[in-house]
Every structure is written in structure tokens, then in C-alpha cells.
Protein chains: 2
Amino acid sequence: MNAVNTRQHIVEAADRLFYEQGFEATSFAHIAEAVQLSRGNFYYHFRSKDEILDAVIARRLSNTAAMLETWEAGNKTPSERIQSFIHILITNQTKIMAYGCPVGTLCNELAKLDHVAQTDASKLFTLFRDWLARQFEAMGRDADADALAMHLLMRSQGVAALATAFRDEHFIRREVDDMCQWLQSQQPL
Amino acid sequence: MNAVNTRQHIVEAADRLFYEQGFEATSFAHIAEAVQLSRGNFYYHFRSKDEILDAVIARRLSNTAAMLETWEAGNKTPSERIQSFIHILITNQTKIMAYGCPVGTLCNELAKLDHVAQTDASKLFTLFRDWLARQFEAMGRDADADALAMHLLMRSQGVAALATAFRDEHFIRREVDDMCQWLQSQQPL
DNA sequence: ACTCTCCTAGGTCATTCGTCCTAATCGTGC
DNA sequence: GCACGATTAGGACGAATGACCTAGGAGAGT
């Protein structure tokens, strides 16, 4: 097995486990078992848990950036692109109800742990924030594009949080519809 | 020292530590040290970590219920009462930016741990949800009172999440104002 | 066949975790 | 002043944690 591939498998498994169980609750042994690797071999690729976390965050940043680029490709209107963002809540409904938003929950956990990677994790939010702001700018809302982006990000975080607590699909659907309606009302100007 | 008092001190310290560091990251030793108690003595009062968690949740439920009752006392309008809720975001600004919302982050963590107390923790949300719904009913919004309550809860959760990630006081203030404005627009009907 | 580098397996380390036990101390009623 | 239950202190437990080391295998180039 190529070292690059092994490394990638580890990061993939760690990514999933950090999301499903949290960073602190996931141990070296858990990840090693998930990728069918000995702990010793594991240490060859990552010398500390923080190193894995950095790799996981880097992976998420790159995956997120790629997803946002996909949404930006194709001849869609900015409004339609933003709707793609809003609809993650429905696409990932099951996972969100079980584990919350991958970005929000990670940032929260790292904040409580007072972890150094806190800043890096919040860059995931920044990625969405800037992308959304660009869409709102394209809609002609140059003046308050960032505020609108933050507002939408805030809403999706709120929906994810309550979705985890109440596991109510109807609530999610209702709030998603409300967000889309809000988006339409922002259209003109 | 009375046993009841000691127990209460333990729960207070655990409450704070669970909030600031998270449930999993807080150990018996941390709590014992915080209340200047030996681990042995500690075990006399709480036989397991889950037992402390139950006590902490019970304490939060009772404290929250008391706070909501306070807001309901006095001759305020339902709208003014709801504004009291919205303004927790500003009152607890510093703590929220550092540790997030006590309710939301706990529910998220317990969800990831697949913890049995998950259901109990979500009752904290239910407390707010029902109280808010009652206020909206008093405003004459019987038909969609619960949906409005969930919407407001969702917003405050979203603001708390992003406040932790970005630590931006202006964002909090702006969204709080927006929520109050939204509330006013819900007034008639 | 040989070497050298990359990769892997498994064991070991001190520390901390949650849990549990026992012996000593405290306070109150008799 | 004694007895007895309530409370405390401190140590011990096995298991798990993150971190580290070393011996060896795999494979390519010579």
C-alpha cells in the first residue's frame, strides 16, 4: 500500500469518527481499528492526535472548497446557488439529526477544549461565509453581502442544532422553506 | 458541612466545568479539585459520572424554569418577555463567545456520545420552546405559536454557534436587533 | 544477491480515567 | 462521655489513553 493512500485512508476514517463521536472521544485505537492498521504503523503516519486533527481540517477545507466550486460552476443564478447551500440541511438530514453540523460541532468542541486548531476549524465557516457573500454580491447586495451571508450561516447552524435535539424532519423542512422564501425576498434591490 | 450543601457545591462546580470544558473532557478529579474535595469523598455523593450529569441537568432545568417564571412575573407584555429571552445573547455574550450556548453544546456532545441523558438534556430546549410558545399564544398567534417558538430558538442557537466561531460582538448585536425587529413584525394578526 | 529506503507490526511507557474500598473523623442524641 | 450513623480522606484497581521504540518485512534499484 502506498503511503499516500494509507495516509488518506486514515484521514478519511478520522474525519468520519471525529464527526460521529467527536474529537476527544475518538482515540488512536478507534481510528487504527477503523482502517485495519496497527497502532504502531499508525504512529508512523501521524505522530500526534493534533496532527491528525490538522489533516482532517485540511481535508474538510479542501472538500468544502471543491463543493462550493461545483455549485458555482454551471449556469445557475446566485440565488439558485444559495439554495444549493440551504438544501444541504435536507440532503444531510439524517446525519445532521444524529451528529449535528460537522463544522459547528467541531468548532464548539475545540472552543471548549481551548484547542490551538480552533482558528483553523473556523476557517471552514469562513469558506462558506465568503462564498455566500460573493453570491449576495452577485445579486446586487454589495453593501450588506457579508451580513446576509452571516445571517444565512446563522440560520443553518440554528436549524442543525435543533434538528439534533428534536429530530423533527418537519421542522427542518419548514425552516428550509422559510429560508428560501427569505432568500427570494432579498432578491430585488 | 451538610451533605446537601456539599452535593450542591459539587453540582454547581460540575455545571460550570461541563459548560466550560465539556462533559467528556471534565474528569472526576477536575470537579473534586474545584470543590476542594477528595475523590473518595466525592464518590460518597455521586457513584458515577452519569449520576453527576443527571444532577447537573436537573439543576439546569430548575434554574431555567425559575428564570422563565421571573420573566413571566411582573406586568410585561408577551413581546417584552420574549425580548428578555432574546437578550440573553447579549447578557451572556462573553461566555457564549468562549463556550457557546450551554444547552446547545451539551445536547450536541451527548448526541455524539450517544448518551442516555440525551433525552433529558433536550428537555432544556423544551422548557424554552414551551415558554416561548405560550408567549406567542398570548400575542394571539395560537395557530403557529410552536413554530414561532422553534424559529426563535433556532435563531438564538445559530447566533450562539457563530458567536463562538467568530467572536464578533457586532454580529451578535446585529442579529439580536434583527430578531427584535422580526418579533415586532409578528406582533399584529 | 544485496542494500537501502519505505512501511508495518507489536510491545512498552507513564499517565489518567472511572470506579471502588477501607479506615478515620465528625456531629448529634442518649 | 459514649455510641452510632453521617461524612470524609486517601489509597488501589484495571482499563484505556497518547506517545514512543525497535525489530523486521516489502520492494525497487544496483
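Chain A is the first sequence line, chain B the second, and so forth, proteins listed ahead of strands; every chain is numbered from 1.
Legend: residues meeting side chain to side chain donor-acceptor pair (under 3.5 Å) with A/H30, ordered by chain and number and at least two apart, are A/S27. Not counting sequence neighbours, the partners of A/A14 by the side chain to side chain contact (heavy atoms under 4.5 Å, CB included) test are A/F18, A/I31, A/I52, A/V56. Qualifying ring pair (Phe, Tyr, Trp, His ring centres under 6.0 Å) partners for B/F42, counting only residues two or more places apart in sequence or in other chains: B/F28. By the side chain to side chain contact (heavy atoms under 4.5 Å, CB included) test, B/E12 is found to be paired with B/Q8, B/H9, B/R59, residues two or more places apart in sequence or in another chain being considered. Taking B/A34 as the reference, B/A13, B/R16, B/L17 meet the side chain to side chain contact (heavy atoms under 4.5 Å, CB included) condition, with sequence neighbours excluded.
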Enumerate all atom pairs, one protein N or O and one N or O from nucleotides 11-17 of chain D, separated by less than 3.5 Å.
| residue | atom | partner | partner atom | Å |
| --- | --- | --- | --- | --- |
| D/dT17 | OP1 | A/S27 | OG | 3.3 |

Enumerate all atom pairs, one protein N or O and one N or O from nucleotides 23-26 of chain C, separated by less than 3.5 Å.
none

Could you give the side-chain donor-acceptor pairs of residues 115-126 of chain A under 3.5 Å, partners two or more places apart or in another chain?
| residue | atom | partner | partner atom | Å |
| --- | --- | --- | --- | --- |
| A/H115 | ND1 | A/A117 | N | 2.9 |
| A/H115 | NE2 | A/D50 | OD1 | 2.9 |
| A/D120 | OD1 | A/K123 | NZ | 3.2 |
| A/S122 | OG | A/T119 | O | 2.7 |
| A/T126 | OG1 | A/S122 | O | 3.2 |

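Between B/N5 atom CG and D/dT8 atom C1' there is a gap of 15 Å when expressed in whole angstrom units. Whole-Å rounding puts the A/N41 CG to D/dA19 C1' distance at 15 Å. Rounding to whole angstrom units, CD of residue A/E33 and P of C/dA9 are separated by 14 Å. Rounded to whole Å, atom C1' of C/dC21 lies 13 Å from atom CZ of B/R47. Taking atom OH on B/Y44 and atom P on C/dT22, their separation rounds to 16 Å, with Å as the unit. Between B/D50 atom CG and C/dC17 atom C1' there is a gap of 14 Å when expressed in whole angstrom units. The distance from atom CD of A/Q8 to atom P of C/dC7 is 14 Å, rounded to the nearest whole Å. Atom CD1 of B/I31 is separated from atom C1' of C/dT19 by 14 Å (rounded to the nearest Å).
Looking only at side-chain heavy atoms (C-beta outward), A/S156 and A/M179 come within less than 4.5 Å of each other.
At least one side-chain nitrogen or oxygen of A/T6 sits closer than 4.0 Å to the OP1 or OP2 atom of C/dT8. Look at A/Y43 and you won't find any side-chain N or O under 4.0 angstrom from OP1 or OP2 of D/dA19. Proximity of A/H45 to the phosphate of C/dT8: a side-chain N or O atom is located under 4.0 Å from OP1 or OP2.
Here ring pair (Phe, Tyr, Trp, His ring centres under 6.0 Å) pairs that include residues 53-102 of chain B, with residues two or more places apart or in two chains, are B/Y19-B/Y99, B/W71-B/W131, B/F85-B/F128.
Distance check, rounded to the nearest 0.5 Å: CG of A/D168 to CZ of A/R173 gives 12.5 Å.
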